**Student:** 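Quick one: this structure, given as structure tokens, is what I'll be asking you about.
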Amino acid sequence: MSVLPDPERQPDFYQDVPLKRLLAWFIDALITGLACIIVLPFTAFTGVFFFPLLFLLVGFAYRTVTIANNSATWGMRVCAIELRRADGSQMDAPSAFAHTTGYTLSWFVPVFQLISVVMMASTARGQGLSDHVLGTVMINRRALLR
């Protein structure tokens, strides 16, 4: 049984979450790109030749660590949203790793990414494909503080 907020009785938890997720994604992509540029000299600039793989690895580490520490990446924090598990608790390291793995796999299979975007835009809780599989949900942090 889920203890997550009900979207019908507590819509503040889910208001504008899909848009905020999109904005957070752009912020996180920018942060990941900047981190890759910082890491590049440490690869003796050979990272230029495998930059997409470098971006993937740095992004995976960034997402996993930040979600495990505060249930949100820096982009999510700027947009005042965070991930919660099905029991309502914050994400821990294993659940952050699982969520990031699902997110990454959806980028490798474009149909999964498309399904995820459609689900975020059309479901009551704004959950993507990996959210549905894991039972996680993105909520507004400000609604938690009320």
Side-chain angles (χ1 to χ4, degrees), residues 2-5 7 10 12-121 123-146:
S2 175
V3 295
L4 294 171
Q10 299 166 304
D12 290 350
F13 281 95
Y14 306 102
Q15 186 175 7
D16 300 324
V17 166
L19 175 61
K20 289 180 178 183
R21 285 182 90 148
L22 178 62
L23 293 172
W25 181 85
F26 280 115
I27 293 167
D28 290 331
L30 179 66
I31 292 168
T32 302
L34 292 172
C36 288
I37 290 169
I38 291 168
V39 168
L40 207 53
F42 296 101
T43 69
F45 295 97
T46 59
V48 169
F49 300 109
F50 56 90
F51 198 80
L53 180 61
L54 181 65
F55 191 90
L56 173 80
L57 294 174
V58 169
F60 192 95
Y62 162 75
R63 288 183 65 82
T64 301
V65 169
T66 56
I67 291 171
N69 285 328
N70 289 310
S71 261
T73 63
W74 292 344
M76 292 174 195
R77 289 181 213 161
V78 167
C79 294
I81 54 176
E82 72 178 51
L83 280 163
R84 290 295 176 126
R85 297 186 324 185
D87 64 2
S89 65
Q90 289 189 324
M91 303 286 277
D92 56 8
S95 57
F97 180 82
H99 195 275
T100 303
T101 300
Y103 165 80
T104 303
L105 289 175
S106 73
W107 279 102
F108 281 109
V109 183
V111 145
F112 290 166
Q113 187 61 23
L114 180 62
I115 291 169
S116 192
V117 168
V118 168
M119 290 173 76
M120 280 185 237
T123 60
R125 288 191 166 116
Q127 293 171 291
L129 184 58
S130 57
D131 293 320
H132 276 281
V133 170
L134 297 171
T136 57
V137 68
M138 189 76 71
I139 59 173
N140 284 309
R141 291 190 72 192
R142 289 187 177 97
L144 287 170
L145 303 175
R146 293 182 195 169

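Counting from 1, the numbers follow the sequence of the chain as shown. Everything numeric here is computed off the predicted structure, so don't read it as measured data.
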**Student:** What's the separation between atom CE in M138 and atom OG in S71, rounded to the nearest 0.5 Å?
**Tutor:**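 Between atom CE of M138 and atom OG of S71 there are 9.5 Å.
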**Student:** Can you tell me how far apart OG1 (T100) and CG (L105) are? Round to the nearest 0.5 Å.
**Tutor:** 11.0 Å
**Student:** Any chance you could measure I115, atom CD1, to H132, atom NE2, to the nearest 0.5 Å?
**Tutor:**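 Output value for this atom pair is 11.5 Å.
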**Student:** Do side-chain atoms of R21 reach the backbone of G126 as a donor and acceptor pair under 3.5 angstrom?
**Tutor:** yes
**Student:** Side chain to side chain contact (heavy atoms under 4.5 Å, CB included) with F45: which residues, sequence neighbours excluded?
**Tutor:**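 L40, P41.
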**Student:** Taking side chain to side chain donor-acceptor pair (under 3.5 Å) as the definition, give me every residue that meets it alongside W107, ordered by chain and number, with sequence neighbours left out.
**Tutor:** Y103
**Student:** Are any side-chain N or O atoms of R77 and backbone N or O atoms of A72, one a donor and one an acceptor, separated by less than 3.5 Å?
**Tutor:** yes
**Student:** Is any side-chain heavy atom of F108 less than 4.5 Å from a side-chain heavy atom of T104?
**Tutor:** yes
**Student:** Can you sort out the partners of S89 under side chain to side chain donor-acceptor pair (under 3.5 Å), two or more places apart, ordered by chain and number?
**Tutor:** R85, D87
**Student:** Give, for atom CD of Q127 and atom CG of L83, the distance between the pair rounded to the nearest 0.5 Å.
**Tutor:**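 Result: 10.0 Å between the selected atoms.
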**Student:** Once rounded to the nearest 0.5 Å, what's the spacing between atom CD1 of I67 and atom CE of M91?
**Tutor:**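 So the CD1 of I67 and the CE of M91 are separated by 6.0 Å.
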**Student:** Check whether any side-chain N or O of D131 sits under 3.5 Å from a backbone N or O of G128 as a donor-acceptor pair, and report yes or no.
**Tutor:** yes
**Student:** Pairs in or reaching into residues 32-49: which pass side chain to side chain donor-acceptor pair (under 3.5 Å), with residues at least two apart or in two chains?
**Tutor:** none
**Student:** Could you list the residues that satisfy side chain to side chain donor-acceptor pair (under 3.5 Å) with T66, not counting sequence neighbours?
**Tutor:** none
**Student:** Might you point out which heavy atoms bring A24 and M76 nearest each other, and give the distance in Å?
**Tutor:**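 Smallest interatomic distance, heavy atoms only, reads CB-N, 3.6 Å.
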**Student:** Please report the shortest heavy-atom distance between Q90 and N70, naming the atom on each side.
**Tutor:**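 Nearest heavy atoms, Q90 then N70: NE2-O, 4.3 Å.
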**Student:** Could you tell me whether the side chain of L30 reaches within less than 4.5 Å of the side chain of I27, counting heavy atoms only?
**Tutor:**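 In short, these two side chains do not touch, never coming nearer than 4.5 Å.
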**Student:** Nearest 0.5 Å, what's the CE-CZ distance between M119 and R125?
**Tutor:** 12.5 Å
**Student:** Search all heavy atoms of G75 against all heavy atoms of D28 and return the closest pair with its distance.
**Tutor:** N-OD1, 2.8 Å
**Student:** Does the side chain of I139 come within less than 4.5 Å of V17's, by heavy atoms?
**Tutor:** no
**Student:** Using a 4.5 Å cut-off on heavy atoms from C-beta on, say whether the side chain of F60 contacts that of T101.
**Tutor:**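 The answer is yes, as the side chains (C-beta and beyond) meet within the 4.5 Å cut-off.
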**Student:** For a quick test of reading the model, state the closest non-hydrogen atom pair linking T136 to S130 and the distance between them.
**Tutor:** OG1-O, 4.3 Å
**Student:** If you take all heavy atoms of A96 and T64, which pair is closest and at what distance?
**Tutor:** CB-O, 3.6 Å
**Student:** Look at atom CZ of F55 and say whether more than 12 heavy atoms of other residues, nucleotides or ligands are closer to it than 6.0 Å.
**Tutor:**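 Yes - once you tally the heavy atoms of other residues, nucleotides and ligands closer than 6.0 Å, there are more than 12.
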**Student:** In sequence, state the C-alpha distance, the side-chain angles, and the governing distance for F51 and L54, and then conclude on side chain to side chain contact (heavy atoms under 4.5 Å, CB included).
**Tutor:** CA-CA 5 Å; F51 198 80; L54 181 65; 4.2 Å; yes
**Student:** So, Y14 side chain and P5 main chain: donor-acceptor pair closer than 3.5 Å or not?
**Tutor:**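 Yes, the answer is positive, given that a donor and an acceptor are paired below the 3.5 Å cut-off.
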**Student:** Once ring-ring contact (aromatic ring centres under 6.0 Å, His included) is applied, do any residues pair with F112, and if so which ones, sequence neighbours excluded?
**Tutor:**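 Per chain and number, F112 pairs via ring-ring contact (aromatic ring centres under 6.0 Å, His included) with no residue.
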**Student:** Within the side chain of N140, is there an N or O that forms a donor-acceptor pair under 3.5 Å with the backbone of Q15?
**Tutor:** yes
**Student:** Taking all non-hydrogen atoms of both residues into account, name the closest pair between S106 and Q113 and its distance.
**Tutor:** OG-OE1, 2.6 Å
